[in-house]
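Input: a single structure, listed below in structure tokens.
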Amino acid sequence: MKTKLVILVSIILVITTSCSEFEEYLDKSPESTLSEKDIFTDYSNFKSYLYRCYSGNDDATNTLNTYNNLRCTYPLYYGNNKTSWDALSDVCDGGRMLQQHIKRGTMANSLSGFVNTWIARPIFSTMFTMIRIANVSLKNINMIQNASPKEINDLKGQAYFIRGYSHYWLTVLWGGMPYIDYVITSDDEQDLPRLSNYETFMKIAQDMDSAFKYLPIRRDPPFPTAGNLTNPDQEKPCGVAAIAFKSRVLLFAASKLSNKYGILDWEKAAKASWEAIELAENNGYFLLPESDYLRNFFGQQYTNEHIWAQYMGNNNYANGTAGYICTSMRNAMGSSGDCPTQNFIDKFETKWGDPLNTQLDRDAANTIGNYNEQDPYSNRDPRFYLNIIYNQAPLAGFTNDKAQIYRQTINGKTEYSELLVLNTLSDKSSITDGNTRTGYLNRKILGERSYKNTSQVMLSCPIIRLAELYLNYAEAANMAYGPNVIPSYANKSSVEIINEKIRGRFSGFAPIQLRFTTDKEIFYERIKNERDIELCFEGHHFFDVRRWMDAPKAYADNSLIGIDIEKVPVSVQYPTGFKYSRQPLEAARQIAWKDFMYYLPMMPNDKNNVIVFTKNPDWN
Amino acid sequence: MIKSKLVNVEYLICSKHSLKIFFIIFILLFSVKAFSQQNIVSGTVVDVNKTPIIGTNVLIKGSSQGVITDINGKYSIKVNSEKDILIFRYIGMQSQEVAVQKRKVIDIEMVEESKKLDEVVVVGYGTQKKTSAVGAISQVKGEDLMQSGTADISQAISGKLSGVMTMQQTGQPGSNNTEILVRGLSSWNGSQPLILVDGVERDFTTMDPNEVESISVLKDASATAVFGARGGNGVVIVTTKRGKVGKPKLSASFSRGVNKAITNSDFIDSYTTELAWNISQMNLGKFTNLTPQQALNEYENPSSLLKALEYPNVNWYNETTKAFAENSNANVTLSGGSDFLKYFVSLGYNFQGSVFKGRTDHIYDSEHWYEKFNYRTNLDFNISKSTTLAFNIGGDISINNTPQYETVNSTFNPWNAIFNTSPSSSPAYYPEWLVNEYPNSNSIEDSKILLATNSDYFGNPFTMLNMGSYNRTLGTKLFTDIVIDQKLGFIASGLSIKGKVSLSTYYSNIMRSVSHKPGLYSFDFSKTGANQNPWSKDGSTNEITKDQIIVSYPSGIQNDFYRDLYYEIGINYENSIANKHNITALALINRQNKQNNVDFPFYNQALVTRATYNFKYKYLIETNISYTGSEAFAPGNRFGLFPSVALGWVISEEHFFNKIKSFANKLKIRYSDGLVGSDKATERWLYTSDYWIDGARANPEKGPFIHEGAVANGTAQWEQSHKRDLGIEMGFFDNLINLEVSLFDEYREKMLVTPANTSFLVGNSFKQLNLGALKKHGIDIELGFNKVDQKGLRYWGKTMWGLSENRVIEKAEALYTPEYQKAAGKSLGYIVGSTTVGNGYFTSVDDIYTNVASLSPDANGFVVGSYKVADYNADGKIDRNGDLYAIAGNLYAPVTYSFSGGLSYKGFDFSLLFSGNIGKYVQYGYPYELEFSFDNNHRIHQSALDYWTPVNTTANHSTLLGKDVGTIAFAGSAINLEGRYIRNADYLRLKEIYVGYTFDKNFVKKLGYSDISVFATGNNILTFTNLIEGDPETKSFTSGFYPLMASVKFGIKILF
């Protein structure tokens, strides 16, 4: 019996010992995979993870820059579907038709271009991805083993910035969002209620404050110290950028579309803007002189007016797919880029400060001899000459080095000048290509690059520049305190900022006429005009016109006009030798406002996954 | 006699060598004779035919003394006293107890056990007596498979196992892709059962039915819980034959026959097609497209041989097929054994030819054919009284020849083209007489005919099959097992320990690849005059070059492989206390390392326990608990505990039952309840997030970056299913009639599913999560009778019915998906689509205009007689989002059934088997439904010939239209009108028929043989279905398929 027992026990022992290794048998996984630990403990890997937000490309096989990163929101940074925010508003007529129907409140298939099509502006899905990356980074930031506290703080600050910035874009395009400040796992609720615009902006402002706390105040030493503007991470936001962005966010929060507490919101916005101005000025940011004004956009990588900008590389006119709106003046077969409308041209005052917005305004200016409808380009706001290519404007490479935008009748046959020749093939059929249809072209962003001037130009995209801070302050201070009040924390009134900083940079340009600076509401209109001009083609108007709730007026049905220019003999009536007549743009390029257009619609698939999250109305 | 296409002779020689060695070993072992002693009582044990029974246990009752009868059925045993009682036991025979008294010689005639009390069923890791089994298990014997006439074992089980559904998908030689399901669909992650050969996970599709002793299917939780996370879809256990003690038995069988494709579509000739074309073009207002009358006349009645080519009328199916394909089987089996060694040796051969013709001259062989050699040797050594060693080796070597098609589009195969290509588009090929009459100076092709260009949209099937390119693939499969069983009687009676090591390997590689692109030609019939060259060659130039034949032997490449190492060790206990308390117990550990076309092997292991108890085979209880693990899941969730319990009550053993025993002799109720799992997953490493580094970018100086791919499922685990089964087994009139009914249900949860309800707020997508749930219920019924009358006429019949219905409970669908589009609440595999309303057709112009506002008749080309599409969600718009809904119909039939029956009398043997499906649907696509579905494709299908006209308003098909109308998804001939193209495919098929004759033994013995029988078998020879075209057993009709085969074979079997 004993031996039996011994044998039985030993058998049981053998089996149980093999059991003790039982579970280890399955502890197997391939060695090559990149684990979470590998990524977040190593500083360099951590950066590779977070910095994907700036230019990482989700499609490894696509050699183009693609846009499922923050770049898809950068106003002057474009995918293959070349439309700017301005071309989707009343400011410009895009040379190409693509997505122009958005002006009419129809989205058709182009919605995906704003949601998830990588070659366009896949903002909706990308911003949620950016938010996730920021949240994952913040969650894992303490895992880093081999970085200094300063380096770690920088990453932390960037993550806060990215999170706030991404929510901003979702909010201005689709309205208030649930504020996602944690990593959503499969166990978490995935359908969350929306905050109001106001509440979302406040959360963004909080994140910008956190970002400011951790970010380096600026990345490069101020001018004229060596190294100014040349930090390798110049494209990443700095502390000043966080506070500057907060100023914009609070301005949006106070604006009519999102305002919650009336004047208090404006006061908050004014104060934040002033703080941003002081912070920027104290850290060596300054307005470029008039002569260098356009260096903010091309010809130089970064400037000291850029609070946050993205250098886009060195491109020639034809490099249309390089990620910049360089669909500049192509030949008839190409596209024209963004062509400013006459509606927009009318926003440029005379150099004496006479507004020309309405026929009444123009008649008044004409009466005092400051404006002639048949010599419309003389004596205008100096920025007109910097921003616009108009008929007979200096333009390298074209006849007489001037822009030739006119038609003339020779032997009973209409002939078009170089910049008016339309592609006969597409002219009637697809109206997508060709030269200007408004009579104007964009100089601010494109310079003189054209199919006749093919030199390489460095292109920059300012995301926030100092001039915006002055305009933010002017707007908020006017609404909070009135045009001429200097709040206790500041040393300039709204009017002073506009006149001294914004208009003062340009020589021979009058301050805003006194008749406009006494009443808050009247002055508000001039501030808006000033903002439209100063920040034109930089992607602001599309959003400003909505937050002001001016869109119904600005987008009145079929109100877009261009200029028809006919070459005629010089006469008293036509002193320039050209006959200028206003004419409406063709129907397909017109605009028509509907109230649902404040926010973009949502994709059917996205809508299918949420119930608590209120859905935006569809466009039709 | 056998058409041998063996190319790599080395393999055969090799296997012959190894076999020779085996034979020598056996012959040596044979000479070991059984020992015997002189004793007091002796005798002979025979069966009713007076044939000695070898291996009968002769025991003295109440002691452990016993002997076994020898080869001649003789025994001798030393008895203790005259009062001793001898017990004679033999499996399958009634035990007999005989008092010794004063006799010295006791001869016994054993009678077959009618009650089959000792019938054994194979269960997981062992066997059980059928009477005491409480799980839901069906079993089929090897003989029943051999009678089926098919060499494909997965076909041979069709209709023979209750609760098992088989669906053959192709008739292509060597393509064993029959789908096998146990009790219907179980999961969208795969419903295939776990298949074991001799207890080890292996594929059995290429096994020779002659090697198979039995196939057992385990269906409920009780039977499958021992397989834990691998048993959820049911388990199929194939057990191979083993030797029995006795004289060597050598048998040989050979059968040969023909296959013919099952097609139930008639050829529609060019004339009919062109008339239909003209109707469609007139409907579309495209009068310039009409085929002129002169051409119609030529199509109908060609005025010359040349015109017959210019206006072709090609039956593509006939042009590319032969009437019959060859099919041969041969097998040699040797078995027998002594006390020391039992052996079973089998060698099999199978050849399957193709009905499709190809080019088979010179080095070309672009025909399908498949040749297979099976081998198996199973040895059992009794090393000592308490130790047995088993050694099994089996496998096959196969050669599969497959033509490589030159196609116009990579998704098109010749089958697709055969069912799609226009009969009037081009001649099948340019015949010799034309080439002779109009010599082509630019052609130096080495064939007498010239191949026509792949001009049609789908290509020219004749050209595709006759290019001459092919691949020849060699597959070698080897299964080996070593099993040691040590009785531990010295510790406790009935205790034993068993260890097993198994290795299964399969390698396949292309042994020869021939690539050839001959010139393809067009003939311009307008250039038949003098000094004109009507020929032009495909490609830009007409240059005189001949394509190189490239022959390669890429034998080193593995196209397909597996390597599977399995080992187990277990303790078994089996005892009967006082003949009342019958106890068994099992504890076992196993591990598996499976490398299946992957670099990183799959690891599995399990700890298994089972305990059974019954009181006098009357009250039965069994519990199975397994703890199984798989490396596929998240640490912490890798192991699962799967318990089950089953209870049984054999009411017929109760005393009160005796009153009705003359009427009902058997009544057993069993119930089981338990958990099993399924570890099938479409992805591996679900528990880790995928991080990846990006590559090529425009700004390489700023990269590369690290991206987070799909987010890990940190708790990934197996699917878990709760199964219940209630069974009743009944026997009437002394087992003349048997009825077995099982009711089952199943609730499966934690099914892996890619969540479609991940909201955009997440900013990423998730890997599959364990979110799905499915419920299922059904019934298996098996009813049979078996009668032998006094004259020796035996007749029997059997029917099996299986019903299995399922409903998806949860599939992580998008929250806002309308209910009518959700998978939840519908059966797995339901089809979503759109369909027509009313009587299906626009009946007037008014009808078109008033139907749905958004459908502009002008824009969409609707005409009277077009399909009238349903605006399902009644939103005034017809679109592919809102108007899709779940259309009745499933590719998997909820009801499967079979009828079989037979009779035998004095050597004659006859049986047949019908099997069918109810509630099965198939999806027609353009190869079977749509007319003129592509540009200038003049092809119409049988289902479209019954088209709508003002007088044929209940037609099967809309009025004839064509491709141009399909420009939006819902217009007349849109291919997305699922509601019209999901067709009921219920069928009843005569699956098997068998006629055999066994010659009289005395006559055969004079010839020097033990037994000779001849037989004929038929498969798939009759099919009843309402389906207009195509084979109802297949699922996918969308791109054509290699047709299934009907076959007839004749064979002979000789027992030496």
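Per chain, numbering begins at 1; letters A, B, ... match sequence-line order.
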Taking the side chain as C-beta and beyond, is there a heavy-atom pair between A/Arg52 and B/Ile706 under 4.5 Å?
-> no
Is there a side-chain contact (heavy atoms from CB on, under 4.5 Å) between B/His707 and A/Tyr49 once you walk through the steps?
-> CA-CA 6 Å; B/His707 299 253; A/Tyr49 176 75; over 6 Å; no
Can you tell which part of A/Phe613 gets under 4.5 Å to a heavy atom of chain B, answering side chain, backbone, both or neither?
-> side chain
B/Ser630, part contacting chain A, at a heavy-atom distance under 4.5 Å = backbone
Examine whether an atom of B/Phe760 lies under 4.5 Å from a heavy atom of chain A, and if so say whether it belongs to the side chain, the backbone or both; otherwise answer neither.
-> both
Side-chain contact test, heavy atoms from C-beta onward, threshold under 4.5 Å: evaluate it for A/Arg132 versus B/Val711 and give yes or no.
-> yes
Under a 4.5 Å heavy-atom cut-off, does chain A meet the side chain of B/Ala756, its backbone, both or neither?
-> backbone
Can you list the steps and then say if A/Asn608 with B/Leu815 is a side-chain contact (heavy atoms from CB on, under 4.5 Å)?
-> CA-CA 6 Å; A/Asn608 279 345; B/Leu815 296 175; over 6 Å; no
Validation row: B/Tyr816, A/Ile611 side chains within 4.5 angstrom (heavy atoms) = yes
Below 4.5 Å from any heavy atom of chain A, which atoms of B/Asn604 appear? Answer side chain, backbone, both or neither.
-> backbone
Looking at A/Ile39, A/Thr185, A/Leu192, A/Ile131, which one has more heavy-atom pairs under 4.5 Å with chain B than the rest?
-> A/Ile39
All heavy atoms of B/Phe766 vs all of A/Ile184, minimum pair found to be CZ-O, 3.9 Å
Are there more than 12 heavy atoms of other residues, nucleotides or ligands under 6.0 Å from atom NZ of B/Lys822?
-> yes
Taking the side chain as C-beta and beyond, is there a heavy-atom pair between B/Val762 and A/Gln190 under 4.5 Å?
-> yes
Taking everything shown except B/Glu810 itself, do over 12 heavy atoms lie less than 6.0 Å from its CD?
-> yes
Chain B heavy atoms under 4.5 Å from A/Asn45: which part of the residue, side chain, backbone, both or neither?
-> both
To the nearest 0.5 Å, what is the distance between CD (A/Glu189) and OG (B/Ser759)?
-> 8.5 Å
For chain B, which of A/Met127, A/Met603, A/Lys615 has the most heavy-atom pairs under 4.5 Å?
-> A/Lys615
Rounded to the nearest 0.5 Å, what separation is found between the OG1 atom of B/Thr758 and the CG atom of A/Asp191?
-> 12.0 Å
Contact origin within A/Ile133 toward chain B - heavy atom pairs under 4.5 Å = neither
Do the two ring centres, one from A/Tyr54 and one from B/Phe705, sit under 6.0 Å apart?
-> no
So, the side chain of B/Asn757 versus the backbone of A/Asn609: is there a donor-acceptor pair under 3.5 Å, distance only?
-> no
Give, for atom CG of B/Leu761 and atom CD1 of A/Ile180, the distance between the pair rounded to the nearest 0.5 Å.
-> 4.5 Å
Nearest 0.5 Å, what's the CD-OG distance between B/Gln768 and A/Ser186?
-> 13.0 Å
Give, as side chain, backbone, both or neither, the part of A/Met602 having an atom under 4.5 angstrom from any heavy atom of chain B.
-> side chain
